[in-house]
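Convention: sequence-line order gives letters A, B, ...; per-chain numbering from 1. Hydrogens, waters and symmetry mates play no part in the numbers below; they use all other heavy atoms, side chains included. Here the structure is a predicted model, which is why all the values come from computation and not from measurement.
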Protein chains: 2
Amino acid sequence: MAVTVVGSVAFDALETPFGRRDRILGGAATHFALGASFFTDVRVVGVVGDDFGAEEFAVFQSRGINVDDVERIAGEKSFFWAGRYDNDMQVAHTLDTQLNVFAGFDPVLSSRARGSRVTFLANIQPDLQRRVREQCTGAVVTGLDSMNYWIESARDSLLETIGCVDVVSLNDTEVRMLTGQPNLARAARQICALGPRVLVVKQGSYGACMFTQSGFFFVPGYPLETVVDPTGAGDSFAGGFFGYLDAHLDERELTDEMLRRAAVYGSVIASFAIEAFGSERLQRLTLPEIEGRFSEFKQMTHFEAQPLLVRATED
Amino acid sequence: MAVTVVGSVAFDALETPFGRRDRILGGAATHFALGASFFTDVRVVGVVGDDFGAEEFAVFQSRGINVDDVERIAGEKSFFWAGRYDNDMQVAHTLDTQLNVFAGFDPVLSSRARGSRVTFLANIQPDLQRRVREQCTGAVVTGLDSMNYWIESARDSLLETIGCVDVVSLNDTEVRMLTGQPNLARAARQICALGPRVLVVKQGSYGACMFTQSGFFFVPGYPLETVVDPTGAGDSFAGGFFGYLDAHLDERELTDEMLRRAAVYGSVIASFAIEAFGSERLQRLTLPEIEGRFSEFKQMTHFEAQPLLVRATED
């Protein structure tokens, strides 16, 4: 079993109220891979420049993540993003984007990547996501993420690509922007009508909700007292979610029970990711910590029904 | 057993994308009382003008709500609020506020109201809330709501009043504004340090979370496809919450289990309230509907832990 992620592997420069990092390992595929690596084998499909060195590859290797499908282009630079978060930490302000090698990213999957049962198409141009999707001949579950930029500039292509995957992962602003529908439940129905079996709606510090064919599920955000850097929270969530699915699919159909646990593990992984800059926290995360926080999520949402004592006048 | 609510009984004019009402029964105490009336006896302490007639009083009477402590002042008009909601339905735009009789509201509680075990101080000037609180000699559980206006204009008084109650109910913007702390968990700790045993943070369509001495609980918003009018959602929530507590206190201490169920019933009642204008939906709500939706909330948040199948490398 292995989950394949296709997306950016990058350097980030980050400023938050808690400090800054001028050059740190980043990229959607990086956050996803680290998150998923606690549950299953992970293969990254991406591209970097020759500024991406042994130190960066060692982060993947330390978590047993396969980087055979990360192409390294001599004489070029890796994708670079610079962003700032203000006090509310909910909105990333982009300061600089340098696509570099990522501008020409158009991967031909290796046979191992094509054979992956679970594949996640991180936030890249939707035509490209669809070309990758068409190569995933062994996939049982495919998912995608996207962003406001593609909703505005390539909406039709994104809608077509959404029709080709099983799981769509967007934030609530993106869901509303994509559908033009302010009501989230209606917007979700529109997106699921395009084909996906599952829509995960990320809601920042509030948590995430999931619309499936059989219902609605909500997992809150973990009430952290210190959020150091929200970069990669959504991709870390996806890593936990799809990593869990890959480990537990066992040739069976996706069940609601399994999807719910996957969403909780996604929220668990994301809650750790934002405790430190970039992927620093996931690099030192342990399984006992994951299991401990999963139990806390259970506790945070649990209540028992009990017969209601009502007024005599209601009987 | 009876819960007492002290607050506005009013007329509202409402505009939402789903229609308008030029003059409809409103006011925080009204929404609270209707919500609580499904669980326990309710007593309203308020003031109206002589424009408030038999038709309006009949709404309370039809739900068995005691209005003996609603003063009716001849020759004066009731509190009036006009507001508009746009597509996102999260923000109320105030078009008009006429305090009328409410400007002089400074209630002397009847002996029955003083003896209530549970009392809710709806959104009124915090000095006034404190004067009422001091009269609640029989109260086991007291709660309050407030708003941005008092946070800005009477912050010190509000902080003092918060120190005199058991349960504080605010929305997340108000919690951040009151504490100057953007992180919700830290802000909650600050507010609980003033004295309250429970902080309920209303989060609009996301739901609500609750900070207690023993932990954190989250109840999502119900994923309604049509929200007709959010007016009174928070007060309806409080009605369900405190109404449930009053019915189940049974001389015992507030337990976390009881508070959690109360929060879920609060969210259930609020989810119905917003399905129609003003209190129209609560006026025709039934207990089987409440119980049905409570079960849906259980389903929406439920997941089972299962042993994690992890990578061999993690063992």
Side-chain angles (χ1 to χ4, degrees), chain A residues 17 37-41 63-64 87-89 176 182-186 188-189 203 205-207 209 211 215-221 223-227 244 247-248 250 257-258 260-261 263-265 287 290-291 294-306 308-311 313-314, chain B residues 17 37-41 63-64 87-89 176 182-186 188-189 203 205-207 209 211 215-221 223-227 244 247-248 250 257-258 260-261 263-265 287 290-291 294-306 308-311 313-314:
Chain A
S37 70
F38 293 95
F39 304 94
T40 192
D41 291 330
R63 294 282 329 138
N87 264 329
D88 82 354
M89 300 291 256
R176 293 188 171 101
N183 179 285
L184 194 67
R186 288 183 190 222
R189 192 153 47 85
Q203 304 185 305
S205 63
Y206 297 108
C209 64
F211 295 85
F216 174 84
F217 178 64
F218 193 92
V219 55
L224 283 175
E225 291 214 358
T226 302
V227 175
Y244 181 86
H248 295 81
D250 192 27
E257 272 299 296
M258 191 192 301
R260 285 167 177 240
R261 278 190 290 275
V264 177
Y265 278 109
L287 263 185
I290 292 170
E291 289 292 56
F294 183 93
S295 299
E296 288 188 80
F297 272 84
K298 180 85 188 153
Q299 179 59 21
M300 274 158 42
T301 57
H302 184 76
F303 61 94
E304 293 290 344
Q306 222 181 46
L308 195 54
L309 304 171
V310 289
R311 301 169 68 187
T313 51
E314 298 294 336
Chain B
S37 70
F38 294 94
F39 304 96
T40 192
D41 292 330
R63 295 279 332 135
N87 264 328
D88 82 353
M89 301 289 258
R176 293 187 171 102
N183 179 284
L184 194 67
R186 287 182 191 222
R189 192 153 48 86
Q203 304 186 305
S205 62
Y206 296 110
C209 64
F211 295 84
F216 174 84
F217 178 64
F218 193 92
V219 54
L224 283 176
E225 289 213 358
T226 302
V227 176
Y244 181 86
H248 296 81
D250 192 28
E257 272 298 297
M258 190 191 302
R260 285 167 177 241
R261 279 190 291 273
V264 177
Y265 278 110
L287 262 186
I290 292 170
E291 289 293 55
F294 184 92
S295 299
E296 289 189 78
F297 272 85
K298 179 83 186 155
Q299 180 58 22
M300 274 159 40
T301 55
H302 184 76
F303 61 93
E304 293 290 344
Q306 226 183 41
L308 195 55
L309 304 171
V310 290
R311 301 170 68 187
T313 51
E314 297 293 334

At a heavy-atom separation under 4.5 Å, does [X] approach chain B through its side chain, its backbone, both, or neither?
| X | answer |
| --- | --- |
| A:S295 | neither |
| A:N87 | both |
| A:L309 | both |
| A:E257 | side chain |

Might you point out which heavy atoms bring [X] and [Y] nearest each other, and give the distance in Å?
| X | Y | answer |
| --- | --- | --- |
| B:R186 | A:E225 | NE-O, 2.6 Å |
| A:P223 | B:A185 | O-CB, 3.4 Å |
| A:Q306 | B:Y265 | O-OH, 4.4 Å |
| B:T226 | A:N183 | N-ND2, 4.0 Å |
| A:F217 | B:F303 | CZ-CD2, 3.7 Å |

Could you look at B:Q299 and say if it's the side chain, the backbone, both or neither that has a heavy atom under 4.5 Å from chain A? both
Examine whether an atom of B:L308 lies under 4.5 Å from a heavy atom of chain A, and if so say whether it belongs to the side chain, the backbone or both; otherwise answer neither. both
Based on non-hydrogen pairs under 4.5 Å, which of [options] is most in contact with chain B?
| options | answer |
| --- | --- |
| A:V227, A:I290, A:V264 | A:V264 |
| A:C209, A:P220, A:G221 | A:P220 |
| A:M89, A:E296, A:R189, A:R176 | A:R189 |

For the pair B:F218 and A:F218, name the ring-plane relationship: parallel under 30°, tilted 30 to 60°, perpendicular over 60°. parallel
Is there a donor-acceptor contact under 3.5 Å from the side chain of B:R261 to the main chain of A:A305? no
dist A:H302:NE2 -> B:K298:NZ (nearest 0.5 Å) comes out at 4.5 Å
